[in-house]
K.L.:
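Let me begin by handing over the structure; questions about it come next.
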Amino acid sequence: MLADCAPVLFWMSDADKQGVYFNKGWLDFTGRPLERELGAQWLDNIHRDDLPALAACEEAFAARVPFQTRFRLRGHDGEYRWMLDSGTPRSSSTATTIGFNGLRSSCA
């Protein structure tokens, strides 16, 4: 509930880098239902010229370290807006990385 009230786009992934949760802000921004964002489908919202910016995410996932990158994300109106994306590893009680938590915020 807290994530749905936050004025940011909040996401969660599993250990395989698949999107498993997107908050209400994310869904409202993209205008897409949760079912269309899960797994790797959320990548459909990224401007194709900005896909190389996701290399920072890939490297961070592999190293299990926080990351930050910028890219354009398509909104429900079809317009792209610059976002600052930050992710942090999420661990189980045994210190095994089970995914990442992240925030996307507008950075016009």
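Along the sequence shown, residues carry numbers from 1. Any value given below was found using the heavy atoms of this structure, including those in side chains, with hydrogens, waters and symmetry copies removed. Computed from a predicted model, the values in this text were never measured in an experiment.
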K.L.:
Under the ring pair (Phe, Tyr, Trp, His ring centres under 6.0 Å) rule, collect the residues that match up with His47, sequence neighbours excluded.
P.N.:
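His47 satisfies ring pair (Phe, Tyr, Trp, His ring centres under 6.0 Å) with Tyr80 only.
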K.L.:
Please list, chain by chain and in numerical order, all residues satisfying side-chain hydrogen bond (donor to acceptor under 3.5 Å, both in side chains) with Glu59, sequence neighbours excluded.
P.N.:
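Residues passing side-chain hydrogen bond (donor to acceptor under 3.5 Å, both in side chains) with Glu59: none at all.
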K.L.:
Under the ring pair (Phe, Tyr, Trp, His ring centres under 6.0 Å) test, which residues partner Phe61, sequence neighbours left out?
P.N.:
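Testing Phe61 for ring pair (Phe, Tyr, Trp, His ring centres under 6.0 Å), a comparison that skips the adjacent residues, returns Phe100.
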K.L.:
With sequence neighbours left out, what residues match Asp77 under side-chain hydrogen bond (donor to acceptor under 3.5 Å, both in side chains)?
P.N.:
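Asp77 satisfies side-chain hydrogen bond (donor to acceptor under 3.5 Å, both in side chains) with Arg81 only.
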K.L.:
Any chance you could measure Thr88, atom OG1, to Phe67, atom CZ, to the nearest 0.5 Å?
P.N.:
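It is 8.0 Å, given to the nearest 0.5 Å.
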K.L.:
Please identify each residue that fulfils side-chain hydrogen bond (donor to acceptor under 3.5 Å, both in side chains) with Gln68, with sequence neighbours left out.
P.N.:
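Gln68 satisfies side-chain hydrogen bond (donor to acceptor under 3.5 Å, both in side chains) with Ser86 once adjacent residues are dropped.
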K.L.:
Can you sort out the partners of Arg72 under salt bridge (charged side-chain N to carboxylate O under 4.0 Å, His left out), two or more places apart, ordered by chain and number?
P.N.:
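For Arg72, the residues satisfying salt bridge (charged side-chain N to carboxylate O under 4.0 Å, His left out) (neighbours in sequence not counted) are Asp50.
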K.L.:
Apply the test side-chain contact (heavy atoms from CB on, under 4.5 Å) to residues Leu73 and Trp26: give CA-CA distance (whole Å), side-chain angles for both, the deciding distance (0.1 Å), then the verdict.
P.N.:
CA-CA 10 Å; Leu73 189 69; Trp26 173 279; 3.8 Å; yes
K.L.:
Quick one: are Phe29 and Met83 in side-chain contact, heavy atoms under 4.5 Å?
P.N.:
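With C-beta onward as the side chain, the pair touches.
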K.L.:
For Ala40, which residues count as a side chain to side chain contact (heavy atoms under 4.5 Å, CB included) partner, sequence neighbours excluded?
P.N.:
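If we apply the side chain to side chain contact (heavy atoms under 4.5 Å, CB included) test to Ala40, skipping adjacent residues, the hits are Gln18, Leu43.
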K.L.:
Taking the side chain as C-beta and beyond, is there a heavy-atom pair between Trp11 and Asp85 under 4.5 Å?
P.N.:
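Side-chain contact under 4.5 Å: yes.
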K.L.:
What heavy-atom pair brings Ala53 and Thr69 nearest, and what distance separates the two atoms?
P.N.:
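Looks like O-OG1, 3.0 Å.
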K.L.:
Supply the atom-to-atom distance Asp44 CG to Thr30 OG1, rounded to the nearest 0.5 angstrom.
P.N.:
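If I round to the nearest 0.5 Å, the distance is 10.5 Å.
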K.L.:
Does Arg36 have any side chain to side chain contact (heavy atoms under 4.5 Å, CB included) partners at least two apart in sequence or in another chain, and if so, which?
P.N.:
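Partners of Arg36 under the side chain to side chain contact (heavy atoms under 4.5 Å, CB included) test: Arg32, Pro33.
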K.L.:
Can you list every pair that meets salt bridge (Lys or Arg N to Asp or Glu O under 4.0 Å) and has a residue in residues 17-31, with sequence neighbours left out?
P.N.:
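Pairs touching residues 17-31 that pass the test: Lys17-Glu58, Lys24-Asp28.
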K.L.:
Do side-chain atoms of Glu37 reach the backbone of Gly19 as a donor and acceptor pair under 3.5 angstrom?
P.N.:
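Side chain of Glu37 to backbone of Gly19, a donor-acceptor pair under 3.5 Å: no, none is there.
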